[in-house]
There are 2 protein chains.
Amino acid sequence: MARAAPKSRPAAGRTRRSPASVAQIVAALRARIAAQDIPPGAKLRESDLAEEFGVPRTRVRDALAALEQRGLVERIPNRGAVVMRLDLSQVFDIYELREVLEGLAARLATERGPRERWRRELDLFQGPMKDLVARNELDPYIERYEALRRSIIEAAGNPVLAEMLDTIYEKTQALIRRILILPGRAEVGRQQHVALLEAMVQGKAELAEQRRREGLRSARAHLEKFQKYIL
Amino acid sequence: MARAAPKSRPAAGRTRRSPASVAQIVAALRARIAAQDIPPGAKLRESDLAEEFGVPRTRVRDALAALEQRGLVERIPNRGAVVMRLDLSQVFDIYELREVLEGLAARLATERGPRERWRRELDLFQGPMKDLVARNELDPYIERYEALRRSIIEAAGNPVLAEMLDTIYEKTQALIRRILILPGRAEVGRQQHVALLEAMVQGKAELAEQRRREGLRSARAHLEKFQKYIL
DNA sequence: GTAAACAAAAGTGTTGACAGTTTCGCGGCA
DNA sequence: TGCCGCGAAACTGTCAACACTTTTGTTTAC
């Protein structure tokens with residue numbers, strides 16, 4: 001990635017001297033939490049982070065407040081911030097939401113997005129992706145899957161929807177990988193995406209919505225079945 | 001173990017002398033913005049608010065940061081915070097979202113909620129509410145409508161969904177009233193709620209979802225038709 | 001009379017210092 | 001030895017002063 005953070009400052013050439021902004025700290029912490037680089041339940045000490053980022057403590061404080069509002073950390077008065085530990089019920093809540101929200105995204109993307117793109121994605125999921133799943137190469141599979149997901153959300157052209165999906169998706173991002181490892185899940189998911197993309201290529205928006213919802217419902221069912229192995 | 005620290009816990013409902021917390025300031029400003037007590041585009045000066053609430057300016061600042069994250073105000077660097085002015089496209093985005101989200105809420109509430117409650121609401125919407133609409137008494141009608149809406153969301157039993165709906169609903173709250181004034185809209189809306197509640201009373205969850213979605217789609221269509229009179 | 005330049009004022013952004021609370025270690029006592 | 005209380009250290013919460021940017025008001029040149 002490394003797409004440089006858009007610095008409004010006219011480039012003075014000074015690189016690491018510039019102090020990190022609140023947004024940058026938030027982004028960095030979000031990434032770490034999503035990757036479970038900082039595990040759930042871990043304490044986040046303001047002084048440590050301040051020193052690490054080379055900023056005053058109040059700035060870290062603002063960042064933690066933002067993360068709290070996004071539901072990624074919990075702040076207990078006088079006792080600091082800990083990475084939110086999501087319980088099972090919340091995971092199911094989120095899947096119920098993803099079902100309708102990503103369904104909406106699929107419908108809108110079908111109506112508004114460029115069909116050639118979906119055709120290309122369809123080829124990808126029918127060909128190369130099938131091999132990846134067969135060989136159990138999950139990392140590149142996940143990468144392509146998330147790229148498609150982002151494409152659909154972007155093509156939907158509804159910023160408020162995009163923001164919402166971003167908020168809830170980042171909470172379960174760490175789980176996705178574990179679900180995909182479940183026996184047979186990856187291949188089932190691939191087939192469902194093929195079906196989804198076929199509907200999108202044909203411009204059948206309602207059908208695309210229905211199929212996306214179906215796909216997420218089945219993912220949730222898998223999760224329910226194997227929950228003891230995941231949490 | 002639970003030996004209470006004698007003075008550490010400030011009781012929640014303190015006297016009016018205690019300085020307002022960030023959460024209280026946020027709530028107060030949210031209410032004013034929703035009621036258009038502070039109109040869109042108005043500037044919010046930190047010093048003024050600090051003096052009004054009797055708190056240091058930094059606390060107002062934190063509150064404004066929270067409101068910015070909720071999308072209620074826009075903060076321009078070095079120029080202050082102004083109440084977000086929502087453009088038409090965003091309103092339609094929000095209605096697309098409400099369509100699927102409140103549809104989900106209706107389905108879940110039908111599955112999980114107490115049927116007696118829906119029966120009572122149905123009686124209300126078939127009887128007294130009809131009179132209110134006929135007499136054009138919109139204020140009490142809106143009040144009851146919002147109470148039903150909250151009931152459904154609460155009965156859905158999905159806190160993440162509730163939070164989301166809260167976030168987007170408060171942005172359009174000021175508009176709802178204007179939509180209801182549109183010719184025939186209130187009565188159509190009432191009839192749609194009767195249909196919705198009938199499905200809920202019968203325990204037909206999917207039908208309830210479908211009908212709620214239909215209702216919001218038609219509200220959006222009305223909005224589209226009369227947009228010039230509203231914005 | 002108009003407009004550009006400058007100075008003062010108002011408002012926002014930032015920071016380090018101070019205060020309050022919790023946690024941890026240590027010494028005394030049964 | 002166990003543990004109870006006490007005090008110090010670590011950490012979070014709060015704030016008022018300082019620095020910087022934008023806006024406004026005034027003067028001056030054409």
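Letters A, B, ... are given to chains in the order of the sequence lines, protein chains preceding strands, and every chain is numbered from 1. Reckoned from all heavy atoms, side chains included, excluding hydrogens, waters and symmetry mates. If you're wondering where the values come from, they're calculated on a predicted model, not measured in any experiment.
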Quickly work out the [X] [atom1] to [N] [atom2] distance and round it to whole Å.
X: Asp48(A); N: dC11(D); atom1: CG; atom2: C1'; answer: 10 Å
X: Leu64(A); N: dG13(D); atom1: CG; atom2: C1'; answer: 13 Å
X: Ile76(B); N: dT12(C); atom1: CD1; atom2: P; answer: 12 Å
X: Lys43(A); N: dT12(D); atom1: NZ; atom2: C1'; answer: 11 Å
X: Glu51(A); N: dC11(D); atom1: CD; atom2: C1'; answer: 14 Å
X: Arg79(B); N: dA10(C); atom1: CZ; atom2: P; answer: 19 Å
X: Glu46(A); N: dT14(D); atom1: CD; atom2: P; answer: 11 Å

Donor-acceptor under 3.5 Å ([X] side chain, [Y] main chain):
X: Gln24(A); Y: Ser21(A); result: yes
X: Glu163(B); Y: Val160(B); result: no
X: Asp93(B); Y: Asn158(A); result: no

With salt bridge (Lys or Arg N to Asp or Glu O under 4.0 Å) as the test, would you mind laying out the steps for Asp166(B) and Arg70(B) before giving the verdict?
CA-CA 10 Å; Asp166(B) 193 48; Arg70(B) 288 193 79 107; 3.3 Å; yes
May I ask you to say what Leu44(A) touches in the nucleic acid, namely base, sugar-phosphate or nothing, with a heavy-atom cut-off under 4.0 Å?
sugar-phosphate
By the 4.0 Å heavy-atom rule, please label Arg61(A) as base, sugar-phosphate, or nothing.
base
Once hydrogens and angles are ignored, does a donor-acceptor distance under 3.5 Å link the base of dG13(D) to the side chain of Arg57(A)?
yes
Which sits closer to the 5' end of DNA chain C, Arg75(B) or Asn78(A), going by the nucleotide each is nearest to?
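Taking each residue's closest nucleotide, the earlier one in sequence belongs to Arg75(B).
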Identify which nucleotide among dG13(C), dG11(C), dT15(C) has an atom closest to any side-chain atom of Arg45(B), counting heavy atoms from C-beta outward.
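Looking only at side-chain atoms, Arg45(B) lies closest to dG11(C).
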Look at the side-chain N and O atoms of Thr58(B) and state whether any lies under 4.0 Å from the OP1 or OP2 oxygen of dA16(D).
no
